[in-house]
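This report concerns only the one structure given below.
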Number of protein chains: 2
Amino acid sequence: MVNSPFKALSHPIRRQIVERLAVGPATVGEVTSDFGVSKPAISKHLKVLEESGVLSRVVDGRNHVLSLRTETLDEATDWMVRQREIWTRLFDVVEDHLKEEQR
Amino acid sequence: MVNSPFKALSHPIRRQIVERLAVGPATVGEVTSDFGVSKPAISKHLKVLEESGVLSRVVDGRNHVLSLRTETLDEATDWMVRQREIWTRLFDVVEDHLKEEQR
DNA sequence: TGGACTGTTAACCATCTGGTGAACTATAGC
DNA sequence: GCTATAGTTCACCAGATGGTTAACAGTCCA
């Protein structure tokens, strides 16, 4: 897992691929047809998403079936939620301090 | 808001800046001293974070005080949670279908 | 076996990104 | 007013990224 999931999600096409896969697994061809970009371009995007652990691929004959890997999305989500929690807690501390001063 | 928050969070230094700001506001200098890169480099990273709405800046004399803007982090978090929810619902549908078949 | 189909790899190109040092702007404080 | 400090902007560079077309590798199927 070379790349971070944030890096993987930093490109709009890759986020659209994730949105497409969220509603169900799809082949590379199905994913490609959704965007106005060449097959090799999609192939590269898929590689980035795969290497960052956002999706997994099962080769079935000549079709590559792509599925979302939620664990990785969860990790990234948790990071953001955690930052917000720390920040929110800080606000609480400040608020408590202000109340303390008012007494 | 030109850049997406995902783009903003795609660089490790920028994520570390967010982590630093989660524990409280800081000046540019305080943020710079944490990493082994030049001031102009940090200045650019801060610009990306600011333009994507991840942080806000209040100029106080010659100091720029930086704070986290959780609304933007929330937007990005919501997107990821939503994708996971759609995906999880799909699994439920598949599971129900399998149960249906077993009868 | 040979053509059609699915997808990747290779080679190439333009643009974006992330870094640097030097110069600049503005405030602080003696 | 002068100097130190905080931070940005400028000009530049190397490498990464995202796109292309052409060629290739497997698989399917008549």
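- B/L9 places its CG atom 16 Å from the C1' atom of C/dT17, with the value rounded to the nearest Å.
- Looking at A/R15, its side chain does come within 3.5 Å of a backbone N or O of A/L9 through a donor-acceptor pair.
- We find that NE2 of A/H64 is positioned 11 Å from P of D/dC28, with the value rounded to whole Å.
- Judged by distance alone, the side chain of B/R20 and the main-chain N or O of B/V31 form no donor-acceptor pair under 3.5 Å.
- Straight-line distance from the CG atom of A/D60 to the C1' atom of C/dC5: 14 Å, rounded to whole Å.
- What separates NZ of A/K47 from P of D/dG19 is a distance of 15 Å, to the nearest Å.
- Within the structure, the ring-ring contact (aromatic ring centres under 6.0 Å, His included) test picks out no pair touching residues 47-77 of chain A (sequence neighbours left out).
- Contact annotation: B/S43 does not reach the phosphate of D/dG7 (side-chain N/O to OP1 or OP2, under 4.0 Å).
- Judged by distance alone, with hydrogens and angles left aside, the side-chain atoms of A/S10 form a donor-acceptor pair with the main-chain N or O of A/K7 at under 3.5 Å.
- Neither OP1 nor OP2 of D/dT5 sits under 4.0 Å from any side-chain N or O of B/K39.
- Inter-axis angle, ends of the helix from C/dT1-D/dA30 to C/dC30-D/dG1, five pairs per end, rounded to 10 degrees: 20°.
- Among the nucleotides C/dA22, C/dT17, C/dG7, the one closest to the side chain of B/P40 is C/dA22.
- Counting heavy atoms from C-beta on, the side chains of B/R69 and B/V54 never come closer than 4.5 Å.
- One finds a side-chain N or O of B/H11 lying less than 4.0 angstrom from the OP1 or OP2 phosphate oxygen of C/dG19.
- Of the side-chain N and O atoms in A/S38, one or more sit less than 4.0 angstrom from OP1 or OP2 of D/dT20.
- Atom-to-atom, CG of A/L46 to P of D/dT17 comes out at 16 Å; the value is rounded to the nearest Å.
- Phosphate proximity of C/dT17 to B/H45: absent, as no side-chain N or O sits under 4.0 Å from OP1 or OP2.
- Ring geometry for B/F6 against B/W79 counts as perpendicular: the plane angle is over 60°, on a 0 to 90° scale with 30° as the lower cut.
- Looking only at distances, no side-chain donor or acceptor of A/E51 sits under 3.5 Å from a matching main-chain atom of A/V48.
- Within the structure, every side-chain polar atom (N or O) of A/K44 is placed at least 4.0 Å from both OP1 and OP2 of C/dT9.
- Put simply, the side chain of B/T72 gets close to the backbone of B/G53: a donor and an acceptor are under 3.5 Å apart.
- Side-chain atoms of A/V28 lie closest to C/dT8 of the nucleotides C/dT8, D/dG19, C/dT17.
- At the heavy-atom level, A/V37 lies under 4.0 Å from the strands shown only through sugar-phosphate atoms.
- When each of A/R62 and A/I42 is assigned the nucleotide of DNA chain C with its nearest heavy atom, A/R62 is the one assigned upstream, toward the 5' end.
- Distance A/L49 CG to C/dG7 P: 16 Å, rounded to the nearest Å.
- Across the protein-nucleic acid pair, A/E30 atom CD and C/dG7 atom C1' stand 13 Å apart, rounded to whole Å.
- In this structure, the CZ atom of B/R14 is 8 Å from the P atom of C/dG19, given to the nearest Å.
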